[in-house]
Structures are given as C-alpha cells and as structure tokens.
Amino acid sequence: MTLKLTGQINLILLHLDIETAQLNHWSVGIPHGASLINTHSWNGELTGLKSVTPEYQPRVANVFYSFRLMVMLGFMMFGLAVVALYLRIKKRLFDSRWFFKICLWTAPSGFIALWCGWITAEMGRQPWVVYHLLKTADAVSSVSLRNILISFALIVIVYGVIFGYFYFYFLHKTIEKGPEKIKELAFPIHQPFQYMPPVTTKGDN
Amino acid sequence: MDILALAWAGIIAFGIIMYIILDGFDLGIGMLFPFFRSEHEKDLMISTILPVWDGNETWLVFGGAALYGAFPLVFSTILPILYLPIFLMVIALLFRGVAFEFRLKAIKSKFFWNSCFFMGSLFATLAQGLVLGAFVKGFDLSCCHDGVSNYQWFNAFAVSCSVALVFGYILLGSNRLIIKTVGDLQKKCFAISNKLQYLMLIFLIIVSLWSPYLDPAIKQRWFNPHNMPYLAILPFLSLVFLTMHWYGIKNKKEYLPFWSSIGVFVTCYIGFMISAYPYMVPRHITYIEAAADRSSLLFMLVGACIMLPPLLYYTYYSYKIFKGKVTEKLGY
C-alpha cells in the first residue's frame with residue numbers, strides 16, 4: 001500500500017490520538033507548513049506514514065511530541081535572544097532582574113532540545129538502523145543481557161552519581177564565587193556596540 | 001584484495017603499537033602515582049603528560065575505527081566476547097580523563113582525583129592486558145552465538161599478561177619521567193626502572209615460554225627447524241634491548257632507557273603478530289577472510305593516506321614543542 005500525499009500539506013502543531021486510529025482527531029496546524037519544511041516548496045509532496053505497513057512504522061507519539069518540543073524550545077530561545085537585544089538597545093539589560101530569572105530557569109532548554117532532537121532522529125528511523133537495508137533487530141550483537149546490565153549500571157553510576165555530583169559541585173563553586181565586579185570593566189556596559197579604539201604604534205608611517 | 005587487506009592489517013598494527021608506546025608511558029606515569037608522596041611531585045608528573053596524553057589516546061580511536069571499517073567481521077566477532085574488559089577499559093580511561101581536568105581545580109577533593117587517576121590508569125592497563133592475553137590464547141567461537149561470552153578473557157594466562165603489561169607500562173612511564181624531570185624525582189625513577197627491568201625480564205620469559213604451550217600452532221611456528229634460525233633474532237633483539245636498558249640505567253643515561261624499553265615493546269609486539277599471522281581472530285578468521293569489500297578498503301585507504309601524515313606530524317610536533325625538562329606545574 002503506497003499513499004502519496006500531494007498538494008497542500010499542513011504542519012500539525014498539536015493533535016491527539018494519532019497512533020491508534022492513524023488519523024488526526026483534533027489538530028492545530030499551519031497551512032502548507034510541512035510541505036515547506038520537508039521539501040522547501042509550497043506544494044511539496046511527502047510520502048506519508050501510511051505508505052508503510054504498521055510493522056515498519058516507528059512509535060509515532062514519541063517522535064511527534066519530541067519534535068514539537070524541540071521546535072518550541074528553539075523558538076523560545078530565539079524569543080529570549082530577541083528580548084535580550086531589545087532590553088540592551090533600551091539600556092535596561094543589566095538591570096532587569098526578571099529577565100535574569102527567566103534566563104536562569106531556561107538554562108537547561110538547550111540540553112532538552114538536543115535530547116528531543118536525538119529522540120526524534122533515533123526513534124523516528126525505527127525499525128531500521130540503516131534505512132531499508134538493516135533492521136535494528138538484525139543488527140544487535142550477541143552480548144548477553146547480564147553484560148549489558150553491568151555496563152549500563154556502570155554508566156549510570158559513573159556519569160549520574162560521580163561525575164554528575166562533581167560537575168554540579170564545581171559549577172556551584174564557580175557560581176558562588178560570582179562574576180567579576182562590574183566597575184573593573186574598562187568600557188561602559190550600557191553602550192550596545194563597543195569597538196576597541198584603533199591601536200597606534202610609534203614608528204608607523 | 002589481498003594487498004589491500006594486508007595494507008589495512010599493517011595500518012592497524014601500526015596504530016596499535018603507536019597506542020601501546022604512547023599511551024603506555026602516560027598510563028605508566030598514572031600507575032606511578034602512589035610511589036610519590038608529595039603533591040608537588042604529582043603535579044610535575046601530571047605536567048609531563050598534560051600536553052600529550054589526549055593525543056596519545058587518539059591512536060586507540062584510530063585503531064578501533066580502522067578495525068571497524070576494514071575488518072568488520074573481526075570487530076563483530078571479538079567485541080561481544082571481550083565486551084566486559086573493553087568496557088572496563090573505557091570506564092577507566094573516562095575516570096582518568098576527568099581526573100586530569102578536575103584535579104587541577106580541586107582543593108579538598110584532590111585525594112579523590114589522585115586515586116581516580118591512579119585507578120583509571122591501573123584498570124585500563126589491566127583490561128588491555130586481559131584483551132592481549134585472550135588474543136594470544138585464541139577464541140572459542142562455538143559458545144558465543146547465544147550471547148554468552150563465557151569469560152574467555154579471564155584465565156591464568158590472560159591475568160599474567162595483564163600483570164606483565166602493568167609492569168611494562170610502569171617501566172615506560174618511569175623511563176619517560178627520567179627524560180622529563182630532574183633531581184630527586186629523576187633519581188627515584190632511576191631506582192624504580194632499575195628494579196622493574198628484572199621483573200620485566202622475568203615476565204617476558206614466563207609469557208614467551210607459556211604461549212607456545214597454549215597452542216600447538218604457535219609452537220610449530222616458532223620451534224620448527226625451518227623458521228627457528230630467523231625467528232630466534234627476535235628474542236635475541238629483545239635481550240639486546242634489555243641489556244641496553246640495564247646499561248643505560250647503570251650509567252644514568254637519560255634517553256637510552258626510554259628508547260630501549262620501546263625496543264623491547266616493539267620486538268614483543270612483532271613476536272605477537274608472528275604468532276597470530278595470518279589470523280585476526282586467532283585460529284578462526286584470517287585477515288583476508290575478515291576484510292571488508294574491496295571498494296570500502298580502497299576508499300578508506302585514500303582517507304588514511306590523507307589523514308595519517310598530519311596525524312604523525314602533529315604527534316611529532318607536539319613532542320617537539322614540549323620537549324625538555326618539566327620543572328614547574330602546568331595548568332589551564
């Protein structure tokens with residue numbers, strides 16, 4: 001069964017109950033959005049999920065939401081940068097505590113977006129590890145479950161507990177020390193664009 | 001096909017010996033840590049390898065990636081069997097890498113990072129020795145299809161290879177410190193190298209005499225009257241290098257011990273390859289059987305020809321820049 005979607009394909013932002021019914025019950029979309037993203041043309045043609053039989057389909061819900069979350073975080077970070085630029089031009093950037101608070105709490109968004117992108121890429125290509133050539137189930141090597149559990153536990157302990165703890169310990173130490181005093185800076189901080197004065201050397205000309 | 005496969009076997013063999021020598025001495029310096037009590041001496045020891053240790057470990061990545069690309073069958077056969085020791089090595093190297101960075105910043109936790117550095121170096125070496133021992137002993141592939149590795153890497157021979165490698169690396173590290181340091185630190189290293197060379201000799205004799213009895217094929221290769229006159233050159237060379245080492249230590253030469261210990265490693269390594277040839281998975285898969293498709297080998301060979309010269313050059317260049325004695329703590 002091959003089904004080609006032609007013409008206008010809307011980019012769905014939100015919808016429910018995709019996996020069971022294979023259709024979108026409730027959705028919010030951008031007209032032509034998916035056509036534009038995937039094929040870079042207004043009425044681009046996409047090969048739909050229904051063109052492959054269910055055993056060759058990935059688990060759609062994970063991919064669907066991780067991709068959306070990644071994009072939303074991306075726009076949020078971009079928005080923050082725009083707000084920062086606006087504040088800087090208005091010469092309020094270094095006094096806006098509310099903005100610092102937002103920056104502080106959104107600090108992990110880059111990591112989360114990265115993970116989401118990774119999940120989208122890796123789960124989205126299942127069940128293939130090499131597309132149309134090698135299935136993940138056939139690519140698995142003959143390592144015993146016990147060995148996998150040992151190595152997995154070691155990774156979790158080493159990264160999570162030991163390095164995680166010391167990473168945050170040193171991070172905490174650095175934050176407690178705080179940034180350098182503002183008055184030690186050599187240039188006025190509210191000047192949006194500052195260039196170094198040209199260096200003149202004796203003996204030139 | 002055969003020439004290409006042989007070329008790739010040669011490139012990988014070269015990458016592995018580069019790794020053994022280069023990372024060998026910095027792992028050895030890590031394992032020397034408990035012999036030196038003062039923090040200042042430890043700082044100096046770290047400073048001698050700080051600019052080069054990560055470059056040394058690129059050869060491991062190079063060897064692993066080349067094996068994966070050129071001999072995928074070897075990679076997929078051996079890695080599941082040696083999964084645990086290789087994993088142990090990676091975790092140990094990881095601890096070591098982090099210890100390098102955090103030790104410089106640490107005040108209260110310095111002891112912890114010193115221990116991490118030592119244990120990382122020790123366990124990485126032990127794991128490498130187990131892998132080496134398993135290779136010499138050969139693999140039993142009949143048991144491995146159901147995903148059980150049977151711990152083929154853990155036996156008396158592999159453990160003695162492991163211990164021998166620990167002593168060998170410490171010897172390399174100690175000889176390296178003789179070149180890089182002055183004063184009391186250097187004097188201590190002379191004393192350590194002096195003792196270790198005898199241990200090295202003992203373990204060389206044990207492993208050399210043991211391995212022919214593991215496998216009749218190895219015995220046949222080394223002791224048949226046709227090969228023996230030629231192959232006897234190798235153990236003889238090994239002894240010559242050990243004598244040079246002994247002479248260098250006795251007369252307080254700075255460069256001779258390091259280079260002659262490298263000579264010992266190289267002759268042992270060549271001996272190891274002669275025992276295994278033409279097998280890449282000993283007694284099961286030859287390098288010709290294991291080779292990837294001709295087009296992949298050729299494609300990668302072009303890449304290797306482009307990448308190897310810069311790799312060799314930056315290795316040479318970084319040693320050239322950082323040559324000379326280390327007398328003050330480095331940091332970044």
Side-chain angles (χ1 to χ4, degrees), chain A residues 104 107-108 110-112 114-115 118-119 121-122 125-181 184, chain B residues 68 72-117 119-120 123-124 127 139-154 293 296:
Chain A
L104 185 67
F111 288 103
I112 296 170
L114 201 118
W115 285 331
W118 197 246
I119 288 169
E122 293 299 318
R125 69 185 161 93
Q126 298 306 326
W128 300 105
V129 69
V130 181
Y131 200 51
H132 286 322
L133 285 175
L134 184 63
K135 283 171 86 175
T136 309
D138 300 325
V140 171
S141 56
S142 61
V143 179
S144 67
L145 181 65
R146 183 185 47 196
N147 286 357
I148 292 198
L149 282 178
I150 292 172
S151 56
F152 184 67
L154 266 174
I155 284 189
V156 170
I157 292 168
V158 167
Y159 274 94
V161 182
I162 301 174
F163 296 154
Y165 171 75
F166 276 98
Y167 175 74
F168 285 109
Y169 174 73
F170 283 114
L171 200 66
H172 182 75
K173 250 168 81 168
T174 315
I175 291 170
E176 272 207 326
K177 229 168 96 185
E180 308 218 331
K181 287 265 160 47
E184 287 166 15
Chain B
Y68 180 46
L73 188 58
V74 175
F75 200 83
S76 62
T77 310
I78 286 179
L79 252 72
I81 300 177
L82 298 177
Y83 184 77
L84 279 187
I86 288 176
F87 195 81
L88 178 73
M89 176 184 85
V90 172
I91 289 280
L93 289 176
L94 209 142
F95 264 99
R96 223 175 145 256
V98 175
F100 263 110
E101 307 289 330
F102 280 2
R103 195 187 165 278
L104 290 168
K105 300 268 177 286
I107 302 157
K108 278 179 286 181
S109 53
K110 208 153 192 171
F111 175 76
F112 177 76
W113 295 116
N114 284 341
S115 325
C116 279
F117 189 62
M119 297 292 261
F123 278 95
F139 296 100
D140 173 16
L141 298 187
S142 60
C143 65
C144 306
H145 298 295
D146 55 351
V148 179
S149 77
N150 237 353
Y151 297 103
Q152 291 182 35
W153 42 270
F154 197 79
D293 191 67
S296 342

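Numbered from 1 within each chain, the chains take letters A, B, ... in sequence-line order.
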Task: Atom CZ of B:F112 with >12 non-hydrogen neighbours under 6.0 angstrom - done: yes

- [ ] Enter the distance from A:I155:CD1 to B:I91:CD1 here, rounded to the nearest 0.5 Å.
- [x] 5.5 Å

Open item on the list: Would you compute the distance between atom CG of B:L84 and atom CG of A:N147 and round it to the nearest 0.5 angstrom?
Closed with: 4.0 Å

Open item on the list: For a quick test of reading the model, state the closest non-hydrogen atom pair linking A:S151 to B:Y83 and the distance between them.
Closed with: OG-OH, 2.8 Å

TODO: Would you mind checking which part of B:F87 comes under 4.5 Å of any heavy atom in chain A, side chain (CB onward), backbone (N, CA, C, O), both or neither?
DONE: side chain

TODO: Under 4.5 Å heavy-atom distance to chain A, tell me which part of B:L94 shows up: side chain, backbone, both or neither.
DONE: both

Open item on the list: Can you tell me which portion of B:F95 sits under 4.5 Å from chain A's heavy atoms? Options are side chain, backbone, both or neither.
Closed with: both

